[in-house]
Amino acid sequence: MKVNDIDISYQFYAKLGLRPFGRFPDLAIIELRGGTHILLLGKNDELPFSLSSSLLGQRGGVFNERLDLMIEGKSRDDLEIYRTDLLEKGLSVEAIAQDQFFGHDYFQLVDPDGNGITVYTSHTGELPV
């Protein structure tokens, strides 16, 4: 993900509860559950490879969603606790939506570069990821 300021984005995603993996000279790595990573790269830095700039996510036409994240909790109350924690950390987040999306409660927020993020309740079973 190309960002304007790697350090600011690295701190932002760590505040969301994602695992900060490391900060390196030209990138930072945030680790997601299951071994997936977000590579944060400088927007104006030259890269040794190309990145696609496609719009991802279910709500591209309604909201500039680039990521959808899922909390561990499965209930609306769990999502409200997570949302309240983000507010206490100084992040600006929208209210939890009144409707559900395929059985998920969710809310939305924007990262420092204006990329939309939707945070959903979990649907995972008891098996490890």
Side-chain angles (χ1 to χ4, degrees):
M1 179 182 296
K2 295 185 97 178
V3 298
N4 287 316
D5 186 305
I6 295 172
D7 290 322
I8 288 173
S9 292
Y10 189 60
Q11 292 169 16
F12 172 84
Y13 284 102
K15 280 184 181 180
L16 288 182
L18 303 179
R19 193 174 299 140
F21 178 79
R23 177 66 172 94
F24 305 93
D26 297 323
L27 79 130
I29 300 173
I30 296 288
E31 186 177 40
L32 302 172
R33 188 170 50 166
T36 303
H37 296 85
I38 298 174
L39 304 179
L40 301 172
L41 306 156
K43 200 168 255 187
N44 296 318
D45 294 345
E46 289 198 32
L47 302 174
F49 50 87
S50 63
L51 290 176
S52 172
S53 60
S54 65
L55 277 176
L56 302 175
Q58 298 94 331
R59 303 184 193 294
V62 178
F63 188 75
N64 188 21
E65 181 185 80
R66 296 291 181 149
L67 292 173
D68 68 42
L69 302 174
M70 194 176 295
I71 66 167
E72 186 174 347
K74 297 181 180 188
S75 72
R76 187 178 185 89
D77 288 342
D78 292 333
L79 188 63
E80 185 57 51
I81 290 168
Y82 176 76
R83 182 182 169 280
T84 299
D85 182 56
L86 295 183
L87 289 168
E88 289 172 355
K89 290 177 180 177
L91 298 179
S92 178
V93 301
E94 292 186 4
I96 295 175
Q98 294 301 311
D99 61 331
Q100 289 189 328
F101 185 71
F102 291 99
H104 296 276
D105 289 301
Y106 66 94
F107 66 85
Q108 298 170 322
L109 69 152
V110 176
D111 80 0
D113 290 285
N115 297 306
I117 301 169
T118 305
V119 178
Y120 298 92
T121 51
S122 178
H123 63 245
T124 59
E126 300 306 317
L127 298 174
V129 176

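Everything quoted here is computed from the prediction, not taken from an experiment. Below, all heavy atoms of this structure are taken into account, side chains as well, without hydrogens, waters or symmetry copies.
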Inspect the surroundings of CZ in F21 and state if more than 12 heavy atoms from other residues, nucleotides or ligands are less than 6.0 Å away. no
Honestly curious: do L39 and F24 fall in one hydrophobic cluster under the side-chain, below-4.5 Å linking rule? yes
Give the cluster check for L91 versus Y82: same hydrophobic cluster or not, with ILVMFWY residues linked at side-chain heavy-atom distances below 4.5 Å. yes
Donor-acceptor contact present, side-chain T121 to main-chain G73, <3.5 Å: no
Between L32 and H37, is the side chain to side chain contact (heavy atoms under 4.5 Å, CB included) condition met? List the steps. CA-CA 5 Å; L32 302 172; H37 296 85; over 6 Å; no
Joint hydrophobic cluster, I81 plus L87, side-chain heavy atoms closer than 4.5 Å: no
How about R23: does its CZ atom have over 12 heavy atoms from other parts shown lying under 6.0 Å from it? yes
Can you name the closest pair of heavy atoms from G42 and I6 and give their distance? N-CD1, 3.5 Å
In Å and rounded to the nearest 0.5 Å, what is the NE2 to CD1 distance from H104 to I71? 11.0 Å
If Ile, Leu, Val, Met, Phe, Trp and Tyr residues are connected whenever their side-chain heavy atoms lie under 4.5 Å apart, and connections chain through other members, are I30 and M70 in the same group? no
Using modelled atom types and a 3.5 Å cut-off, is there a donor and acceptor pairing between side-chain atoms of D113 and backbone atoms of N4? yes
dist D105:CG -> Q100:CD (nearest 0.5 Å) comes out at 4.5 Å
Residue pair I117 / L69, side-chain heavy-atom distance below 4.5 Å: yes
What orientation do Y120 and Y106 show, parallel under 30°, tilted 30 to 60°, or perpendicular over 60°? tilted
Indicate yes or no: at least one non-hydrogen side-chain atom of Y13 is less than 4.5 angstrom from one of D111. yes
Could you report the tightest heavy-atom contact between Y10 and P20, atom names first, then the distance? OH-CB, 3.2 Å
Calculate, to the nearest 0.5 Å, the distance between atoms CD1 and CD belonging to I96 and Q108 respectively. 12.0 Å
Carefully, step by step, assess D85 and K89 under the rule salt bridge (charged side-chain N to carboxylate O under 4.0 Å, His left out). CA-CA 6 Å; D85 182 56; K89 290 177 180 177; 3.2 Å; yes
Are T84 and E88 close enough that a side-chain donor and a side-chain acceptor fall under 3.5 Å? no
Could you check whether any side-chain heavy atom of L79 comes within less than 4.5 Å of a side-chain heavy atom of V119, counting everything from C-beta outward? yes
